[in-house]
Amino acid sequence: MKKFVVFFFMFVFSCVAGVLAVDFLFPVRHLDTVREYSGDLEVSLVLAVILAESRFRVDAESHRGAQGLMQLMPATAEEMAGHMGLVDFEPEDVWIPEVNIAMGSFYLNRLVRLYDGCVSLALAAYNAGQGNVNRWLANPDFSRDGETLDVIPFPETYNYLQRVKRNQRVYRIILTVTGRA
């Protein structure tokens, strides 16, 4: 009986530790806001992008000046504010999670539409910029058909795509298992 009790407590401890580890590695934050603004994107994709971009740090700022949860460049935020009709947008609004998620999701939705529904191209453009992706698509060394990328010449962007895709797979599981899908 004593071994059973020890085993039971070890099992419970392991389960709790596992849940805490998953929550640490793949946090689910701002879910209502992500749901509200994800548009045609899967919620799991937006969460995956936020994790890859900022690890859910509201005050994240890149060395290049990208800001907030979804790491928007100031010029991109200003442009998206215009497209979204946010007439009273101020540059510091990008630090507000709801605004950042709304703008980042809006931008990612625009990129998906721009690249005819191809999420991979949209993510590459989100990371490396549309100009780079368009040049890669026009270069036969990187794209045989001008519509898909056979090679992503920036290792950072290639790794970003792999990270976001992995994150999305994990978030799909987390949202399903926790009943939040």
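Predicted, not measured: the structure shown is a model, and the values here were computed from it.
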Report yes if some heavy atom in the side chain of W136 is under 4.5 Å from a heavy atom in the side chain of F154; otherwise report no.
yes

List for me each residue that meets side chain to side chain donor-acceptor pair (under 3.5 Å) alongside E79, sequence neighbours excluded, and say none if there are none.
H83

Residues forming a ring pair (Phe, Tyr, Trp, His ring centres under 6.0 Å) with Y158, sequence neighbours excluded
none

Determine whether a donor-acceptor pair (N or O, by modelled atom type, separation under 3.5 Å) exists between the side chain of S143 and the backbone of A138.
no

Would you compute the distance between atom CG of L149 and atom OH of Y115 and round it to the nearest 0.5 angstrom?
9.0 Å

Nearest non-hydrogen partners of P74 and Q67, listed with the distance:
CG-OE1, 4.0 Å

Got I50 and V34 here, is their nearest side-chain heavy-atom distance under 4.5 Å?
yes

Taking L72's backbone N and O only, do any of them form a donor-acceptor pair with T76's side chain (distance below 3.5 Å, no angle check)?
no

Kindly work out whether a path of hydrophobic side-chain contacts (I/L/V/M/F/W/Y, heavy atoms less than 4.5 Å apart) joins F142 to L111.
yes

Should the pair F26 and Y171 be assigned to parallel (<30°), tilted (30 to 60°) or perpendicular (>60°) ring geometry?
perpendicular

Within the supplied structure, the quantity of interest is the number of heavy atoms (other residues, nucleotides, ligands) at a distance under 6.0 Å from D40 CG; does it exceed 12?
no

Restricting to salt bridge (Lys or Arg N to Asp or Glu O under 4.0 Å), what partner residues turn up for R144, sequence neighbours left out?
D150

Test: salt bridge (charged side-chain N to carboxylate O under 4.0 Å, His left out). Region: residues 107-126. Which pairs qualify, not counting sequence neighbours?
none

When you measure from the side chain of N167 to the backbone of L51, do you find a donor-acceptor pair of N or O atoms at a distance under 3.5 Å?
no

Salt bridge (charged side-chain N to carboxylate O under 4.0 Å, His left out) partners of residues 41-53, not counting sequence neighbours, each pair once
E42-R172

Are V170 and F56 linked, directly or through other ILVMFWY residues, by side chains that come within less than 4.5 angstrom of each other?
yes

Should side-chain heavy atoms under 4.5 Å link Ile, Leu, Val, Met, Phe, Trp and Tyr, which residues sit in the same cluster as V177?
I173

Using side-chain heavy atoms (C-beta onward) and a distance below 4.5 Å, is L175 in contact with V43?
yes

Q71 vs S54, test: side-chain hydrogen bond (donor to acceptor under 3.5 Å, both in side chains). Steps then yes/no.
CA-CA 7 Å; Q71 291 291 279; S54 69; 5.7 Å; no

Give every donor-acceptor pair under 3.5 Å between a side-chain atom in residues 117-128 and any protein atom, sequence neighbours left out.
| residue | atom | partner | partner atom | Å |
| --- | --- | --- | --- | --- |
| S120 | OG | K165 | NZ | 3.2 |
| Y126 | OH | M70 | O | 2.6 |
| N127 | OD1 | T157 | OG1 | 2.7 |

Listed partners of N139 passing side chain to side chain donor-acceptor pair (under 3.5 Å), at least two apart
none

State, to 0.1 Å, how close A48 and Q168 come at their nearest heavy-atom pair, and which atoms those are.
CB-N, 3.4 Å

N132: partners by side chain to side chain donor-acceptor pair (under 3.5 Å), with sequence neighbours left out
R135

In short, A52 meets R163 closest at the heavy-atom pair CB-NE, 4.0 Å

Starting at CG of N100, measure out to CG of L69 and round the result to the nearest 0.5 Å.
5.0 Å

So do the side chains of D141 and V151 get within less than 4.5 Å of each other, counting heavy atoms only?
no

Please determine which of V133, N159, L161 meets the side-chain contact (heavy atoms from CB on, under 4.5 Å) test together with I152.
L161

Scan the side chains in residues 84-99 for donor-acceptor partners under 3.5 Å anywhere in the protein, sequence neighbours excluded, and list what turns up.
| residue | atom | partner | partner atom | Å |
| --- | --- | --- | --- | --- |
| D93 | OD2 | E90 | N | 2.9 |

Taking C-beta and beyond as the side chain, do V49 and L41 meet within less than 4.5 Å on heavy atoms?
no

If a pair satisfies ring pair (Phe, Tyr, Trp, His ring centres under 6.0 Å) and one of its residues is in residues 61-81, list it, with sequence neighbours excluded.
none

Could you work out, with side chain to side chain donor-acceptor pair (under 3.5 Å) as the rule, every residue matching Y107, not counting sequence neighbours?
none

With heavy-atom distances below 4.5 Å as the criterion, would you say the side chains of L114 and Q130 are in contact?
yes

Show the nearest heavy-atom pair for residues S38 and N109, with the distance to one decimal.
O-ND2, 2.9 Å

